[in-house]
Amino acid sequence: MKIQEFMQEGPRLKNQFTSDLFFRRALEFFLKRPPGQEWTNRLHQVGEDASGKLLQWANQAEQEKPRHIPFDPWGQRRDDVLMSEGWKNLHSYAAEQGLLSTGYERKEGPASRIYQMALLYLFHPSSAFVSCPLAMTDGAARALEIYGDRPEHKEAFQHLTSNRADQFWTSGQWMTEKIGGSDVGQSQTLAEVITPKSAEVATEPPRDFRLYGTKWFTSAITSQVALALARVCGAKEGGQGLSLFLVHLRDGKSGMFRQIQVRRLKDKLGTQALPTAEIDLLGTPATLVGEEGHGVRKIATLFNISRIYNSICSVASMRRALVLASDYGARRNVFGKALAEWPLHQVTMTDLLTAKAGALLFVFRTVELWGKDETKSATTEESALLRLMITLAKITTGKTVVEVASEATEVFGGAGYIEDTGFPRLLRDAHVFPIWEGTTNVLSLDVLRAVWRDTPFEIVQKDVRDRLQRAGAKEWTSERKAIEEQLDNLSLWFNAHSKNEELFSANARGFAFEVTSILTKSLFLEMAATGKSQVDQDLARRCCHSRSWRPLTPENLIAAKTISRSEGEI
Ligand code: MFK
């Protein structure tokens with residue numbers, strides 16, 4: 001007797017642009033019209049490649065991990081970092097498809113960043129984290145555009161924003177040191193001035209330095225340039241005493257590092273195709289970018305852009321996890337019917353898809369403001385809102401992607417736990433998002449800094465109320481009321497407690513999620529009320545009536561102190 005062997009079909013990936021109807025409607029919502037034909041073709045192409053050749057290159061990059069060769073056979077220091085062809089192809093593709101240049105050509109005016117981030121959204125999940133060097137490159141380009149004042153800064157800017165693979169450079173961001181990545185103001189790297197020739201002394205302050213110190217997390221060590229923080233010898237302590245420097249990593253002729261030694265590549269939980277290194281700066285030549293000082297403020301330009309990338313890539317990873325899980329749900333037969341037909345699975349997926357859709361709206365709203373701000377078409381309130389929303393987007397999407405990746409992996413049962421299905425990698429990679437460019441708690445404290453200094457809470461209130469007004473149709477009255485009530489409760493809490501630093505900071509995470517929730521609901525509502533899609537209406541109803549936050553009271557805080565300090569007792 002021949003037993004017919006059961007074969008489970010794996011999930012399949014279709015064109016990632018054409019099949020993502022919610023994303024397409026969201027783009028129209030923010031662009032206020034469908035993308036033109038030329039853009040539709042570009043997005044279609046990247047969507048197609050994301051399920052084809054990009055995926056193959058990414059798999060190659062993951063299999064042939066970066067290798068550090070510290071010495072040549074004769075003992076001479078080399079510090080070569082060998083990368084796979086797949087990785088290099090992904091770099092070239094990113095340049096040629098305008099993943100960077102679109103943001104700087106600004107052909108679409110304020111909407112240019114929306115188009116650029118749409119490309120990133122499609123590219124990232126099949127990019128083996130080439131998206132990480134792109135994030136830093138974009139941030140560095142913007143910092144050089146604002147602060148760069150030397151011919152070499154302008155030249156680097158041209159390369160960083162080029163759409164020609166043979167001209168395109170990437171940039172590192174050298175910030176984190178052994179003392180950690182959070183308290184940047186404690187950075188210990190020193191910048192020693194290179195004594196200028198006597199003729200220059202009288203005319204301008206010194207610009208050429210040598211850097212000495214250790215940078216502890218330098219992703220993309222294969223980049224051509226990096227922006228680094230260092231303290232000019234004798235400058236004051238803290239973030240204001242730091243300055244921003246441009247480093248050209250390699251000697252133009254020999255291709256060797258310029259007074260840089262790679263200690264080792266990091267052995268990371270995920271993002272293993274990405275060459276993240278520990279490096280020693282041993283008198284590395286560097287030029288000062290802008291005036292001396294205010295390094296943290298200057299590098300904030302860079303890390304804010306990386307945080308936007310982080311948020312877009314988080315949502316893109318959620319999409320990848322969920323589109324695979326959805327496809328699999330239709331193929332997988334269990335207890336007599338398709339997995340997708342089981343009510344509990346449907347509810348589980350609905351929660352995840354709603355979370356992903358909300359996150360997508362929130363980050364693209366952030367991107368909309370970013371594009372307006374950069375092209376000087378934002379109002380003062382919009383620029384202030386952007387400052388807060390970048391941090392909120394990073395906090396909330398970084399947390400959500402971990403949950404979504406974990407749940408989506410579970411949809412596959414034991415298969416999701418097997419390495420070559422790709423799910424373990426997706427899960428490991430997801431964990432970088434809440435850490436890369438600032439942890440959840442550090443950024444939650446940044447939310448306090450934002451509402452105290454830069455984004456008065458009234459700006460959030462006004463943005464929500466304006467949006468609710470635009471979603472004014474009668475059939476949405478109960479959703480509007482639900483959002484208004486949530487906003488009123490939060491406003492009351494904010495007015496009562498925002499000056500109590502200890503209580504506010506203990507509640508910072510909950511507060512960040514609550515503000516994000518309210519803004520997201522208002523976006524869902526406007527999109528549903530002004531559009532025609534039944535799915536969007538269902539999503540809006542589900543999201544708008546979801547539960548809201550319960551802040552910690554002073555009594556809870558006292559209990560939290562006791563519990564958290566119990567030193568192993570619990
Ligand atoms: C895919 C990758 C895989 C590789 C693995 C990665 C593993 C992770 C490796 C890392 O370490 S990533 C780096 C993570 N670190 C960060 O992202 C930094 C986190 N810390 C913060 O964000 C702190 O809030 C901050 C360092 C900014 C606090 O520093 P300070 O010196 O206490 O800030 P301060 O005095 O409040 O602000 C200094 C200036 O910066 C002010 O401007 P002024 O100089 O004009 O007064 C602020 O307005 C400005 N500023 C601070 N935060 C800002 C900002 N401006 C805009 N946006 C912000 N968010």
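When a ligand or atom number is given, it counts from 1 through the structure's own listing order.
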Self-check item: Nearest-0.5 Å distance, CZ of residue F23 to OH of residue Y121
Solution: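 That separation rounds to 6.0 Å.
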
Self-check item: Residue C132 vicinity, atoms of ligand 1 by number, heavy atom under 4.0 Å
Solution: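 Once the distances to C132 are compared, the set is 1 (C), 2 (C).
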
Quiz item: Any idea which atoms of ligand 1 are less than 4.0 Å away from a heavy-atom of A300?
Solution: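 Counting from 1, the qualifying ligand atoms are 54 (C), 55 (N), 56 (C).
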
Quiz item: Which atom pair, heavy atoms only, marks the closest approach of F423 to G416?
Solution: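 Nearest pair, atom of F423 first, then G416: CB-O, 3.4 Å.
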
Self-check item: For ligand 1, the portion of E437 having any non-hydrogen atom under 4.0 Å away
Solution: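 Both parts.
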
Self-check item: Side-chain donor/acceptor of K154 to backbone N/O of G148, under 3.5 Å
Solution: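 Answer holds: yes.
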
Exercise. Kindly identify the option in G438, S219, S182, G185 whose heavy atom sits closest to atom 26 (C) of ligand 1.
Key: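 Answer by nearest heavy atom: S182.
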
Exercise. Before giving the answer on side-chain contact (heavy atoms from CB on, under 4.5 Å), spell out for K394 and F433 the whole-Å C-alpha distance, their side-chain angles and the decisive distance to 0.1 Å.
Key: CA-CA 8 Å; K394 160 73 175 79; F433 292 114; 5.9 Å; no

Practice problem: Under 4.0 Å from a heavy atom of L274: give me the atoms of ligand 1 that qualify, with their elements. | Solution: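 Reading through ligand 1 atom by atom, the close ones are 1 (C), 2 (C), 3 (C).
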
Exercise. Only one of R297, K298, E291, E292 passes side-chain hydrogen bond (donor to acceptor under 3.5 Å, both in side chains) with H294; say which it is.
Key: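 Only match with H294 under side-chain hydrogen bond (donor to acceptor under 3.5 Å, both in side chains): R297.
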
Quiz prompt | Protein heavy atom under 4.0 Å of atom 17 (O) of ligand 1 | solution =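 Neighbour list for atom 17 (O) of ligand 1 includes protein heavy atoms (cut-off 4.0 Å).
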
Quiz item: Given D454, V432, V296, which has its nearest heavy atom closest to atom 5 (C) of ligand 1?
Solution: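 Selected option, by shortest heavy-atom distance: V432.
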
Quiz item: Which atoms of ligand 1 have any heavy atom of H294 under 4.0 Å away?
Solution: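 Under 4.0 Å from H294, ligand 1 has these atoms: 44 (O).
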
Quiz item: Which atoms of ligand 1 are found less than 4.0 Å from any heavy atom of N304?
Solution: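 Per the distance check, 56 (C), 57 (N), 58 (C), 59 (N).
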
Quiz prompt | Reported NZ-to-CG distance for the pair K268 and D429, which is rounded to 0.5 angstrom | solution =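 It is 9.0 Å, given to the nearest 0.5 Å.
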
Exercise. Can you label the angle between the W493 ring and the F511 ring as parallel, tilted or perpendicular, going by 30° and 60°?
Key: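 Judged by the thresholds at 30° and 60°, the geometry between W493 and F511 is tilted.
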
Quiz prompt | Taking atom 9 (C) of ligand 1 as the reference point, the nearest protein heavy atom with its distance | solution =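 Among all protein heavy atoms, the one nearest atom 9 (C) of ligand 1 is F217 CG, 3.6 Å.
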
Quiz item: Taking the six-membered ring for Trp, are H153 and Y147 ring centroids under 6.0 Å apart?
Solution: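 Aromatic pair excluded; centres sit 6.0 Å or further apart.
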
Practice problem: Under 4.0 Å from a heavy atom of V184: give me the atoms of ligand 1 that qualify, with their elements. | Solution: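 The atoms of ligand 1 under 4.0 Å from a heavy atom of V184 are 18 (C), 26 (C).
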
Quiz item: Taking N or O atoms only and a 3.5 Å limit, does R297 qualify as a polar contact for ligand 1?
Solution: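 Indeed, backbone or side chain, R297 has an N or O that close.
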
Quiz item: What do you reckon, does R453 put a non-hydrogen atom under 4.0 Å from ligand 1?
Solution: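 Per 4.0 Å heavy-atom rule, R453 contacts ligand 1.
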
Quiz item: K266: heavy atom below 4.0 Å from ligand 1, yes or no?
Solution: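 Heavy atoms of K266 never come under 4.0 Å of ligand 1.
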
Quiz item: Taking the minimum heavy-atom distance to atom 13 (C) of ligand 1, which of T176, V442, T276 ranks first?
Solution: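 Answer by nearest heavy atom: T176.
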
Quiz item: Can you tell me how far the CG atom of L122 sits from the CG atom of L99, to the nearest 0.5 Å?
Solution: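 Result: 9.0 Å between the selected atoms.
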
Exercise. For M175, counting its heavy atoms only, list the atoms of ligand 1 lying under 4.0 Å from any of them.
Key: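 Ligand 1 atoms under the 4.0 Å threshold to M175: 13 (C), 15 (N), 16 (C), 17 (O), 18 (C).
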
Practice problem: For E374 and R106, run side-chain contact (heavy atoms from CB on, under 4.5 Å): C-alpha distance rounded to whole Å, both residues' side-chain angles, the deciding distance at 0.1 Å, then the answer. | Solution: CA-CA 10 Å; E374 274 188 359; R106 302 193 176 115; 3.6 Å; yes

